[in-house]
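Notes follow once the structure below has been shown.
Given the structure is predicted, the values throughout are model-derived calculations rather than measurements. One-based numbering, in listed order, for ligands and for the atoms of each. For this chain, numbers begin at 1 and follow the sequence in order.
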Amino acid sequence: MEEKRYAIVTGGNRGIGYEICRQLASKGVEVILTSRNQDRGEEAVKNLNASGFSNVIFHQLDITDPSSISCLAKFVQTHFGKLDILINNAAEIGLIIHDEEFRALGGFVHVLDEEAHLLTNIIEQPYELGERCLKINYHATKTITESFIPLLQLSKSPRIVNVSSVYGDLYWLHNEKLKEELQDIDNLTDERLDEIVQWFLTDFKTGQLKKNGWPLTVSAYKVSKIALNAYTRLMAKKYKDIFVNCVHPGYIKTGMTSQTGFATVEEGAKGPVMVALLPDNGPSGVYFDQTQIGNFSSKANPFV
Ligand SMILES: NC(=O)c1ccc[n+]([C@@H]2O[C@H](COP(=O)([O-])OP(=O)(O)OC[C@H]3O[C@@H](n4cnc5c(N)ncnc54)[C@H](OP(=O)(O)O)[C@@H]3O)[C@@H](O)[C@H]2O)c1
């Protein structure tokens, strides 16, 4: 009999995360659907159980809360003794979106740095939301990943899937030297990557985004996913026994996009699920655009 595989999905109560749980469960994986909110998470699991997926259970997890992470790690250690798949899906966009105007604009595809000055009544990016976005999408994702490495190393086929974004493409940076530095994975370090994220936050707070070539629109989210992609590559280099990859799920109709996406959550979950179930010949340290291997640094707008 095949050994059971156990997966944790962060932010599994709604959107793409919920659908990732459903699709993994349909492939026979034992899924720990996590949510920062107990009621929303239990409700999501109740729905999946009612649809016939008895192999989905709930555990509370706020990825920014170290005690919540360690409680989950203890639970997995006690009940399953290993972890096979960690899907880092939880994220925030770091923006105030004025839904009506945003939908009239046509969504994120029409949010361009060249026209940033025309967008002030459509999307706003207060510093505090940007800071929180980096905290969740980058720092907390790192913390949870590192907390589960020991349990992943007890699996025969460990996989880490970082749900990234087309906004993690280095195309969105306007600073060529920084792009080169972030591409040079042989010389990039964890410490330097943290420094770059901190440098961005300082520039964001002091109004120096343009001067230093940072993205002018959806700035914190783009930097968070650019940093997540670089982190993915550093982790793949460091842990040769674990496949660590990042995936853009597509432009999907969810709360994050105010339902402006082109595709459904069913489509959006396909890439992350495929990457979670990669066979033992890899790859690792790779960026997937949905189900296809893509580029970390595009020459033309990767969103069109
Ligand atoms: N939708 C797209 O077009 C698109 C495109 C590219 C990439 N992505 C990426 O796909 C992933 C899922 O996005 P989505 O569109 O499904 O977004 P969503 O509908 O906004 O769902 C985000 C999920 O993350 C959870 N979350 C946020 N902060 C958390 C924290 N600190 N701890 C635990 N959970 C937290 C949310 O929980 P609550 O319900 O409690 O808020 C929610 O479950 C994200 O990584 C996103 O960046 C989405």
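- Within the 4.0 Å heavy-atom criterion, the part of S164 lying near ligand 1 is the backbone and not the side chain.
- The closest approach between any non-hydrogen atom of Y167 and ligand 1 is not below 4.0 Å.
- With hydrogens left out, the protein atom closest to atom 10 (O) of ligand 1 is V163 CG1, 3.3 Å, a heavy atom.
- In terms of polar-atom proximity, R40 is counted as a contact of ligand 1, with an N or O under 3.5 Å from an N or O of the ligand.
- Close contacts between ligand 1 and G15 involve ligand atoms 16 (O), 19 (O) [criterion: under 4.0 Å to a heavy atom].
- The residue from T254, N162, N37, N89 that puts a heavy atom closest to atom 45 (O) of ligand 1 is N89.
- Selection from N88, I136, L61 by nearest heavy atom to atom 33 (C) of ligand 1 gives L61.
- In this structure, G261 has no heavy atom closer than 4.0 Å to ligand 1.
- Within the cation-pi definition used here (under 6.0 Å to the ring centroid, within 45° of the axis), R22 does not qualify as a partner of F53.
- At least one heavy atom of G250 sits closer than 4.0 Å to an atom of ligand 1.
- Taking only nitrogen or oxygen atoms, main chain and side chain alike, G11 reaches within less than 3.5 Å of ligand 1.
- Taking 4.0 Å as the cut-off between side-chain N and carboxylate O, E266 and K253 do not count as a salt-bridged pair.
- The closest approach between a heavy atom of K225 and any atom of ligand 1 is below 4.0 Å.
- A cation-pi arrangement is not found for K225 relative to Y167, the charged atom failing to lie both closer than 6.0 Å to the ring centre and inside a 45° cone about the ring normal.
- Between K222 and D113, at least one side-chain nitrogen of the basic residue sits less than 4.0 Å from a carboxylate oxygen of the acidic one, meeting the salt-bridge criterion.
- By the 4.0 Å heavy-atom criterion, T257 is counted among the residues contacting ligand 1.
- In this structure, atom 48 (C) of ligand 1 lies nearest to the protein heavy atom I16 CD1, 3.7 Å.
- Remark: ligand 1 and A90 share no N or O pair separated by less than 3.5 Å (distance only, no angle test).
- At a heavy-atom cutoff of 4.0 Å, ligand 1 is contacted by no atom of Y18, backbone or side chain.
- Within a 6.0 Å sphere centred on NZ of K4, heavy atoms belonging to other residues, nucleotides or ligands number 12 at most.
- The residue N137 has no part lying near ligand 1, judged by heavy-atom distances below 4.0 Å.
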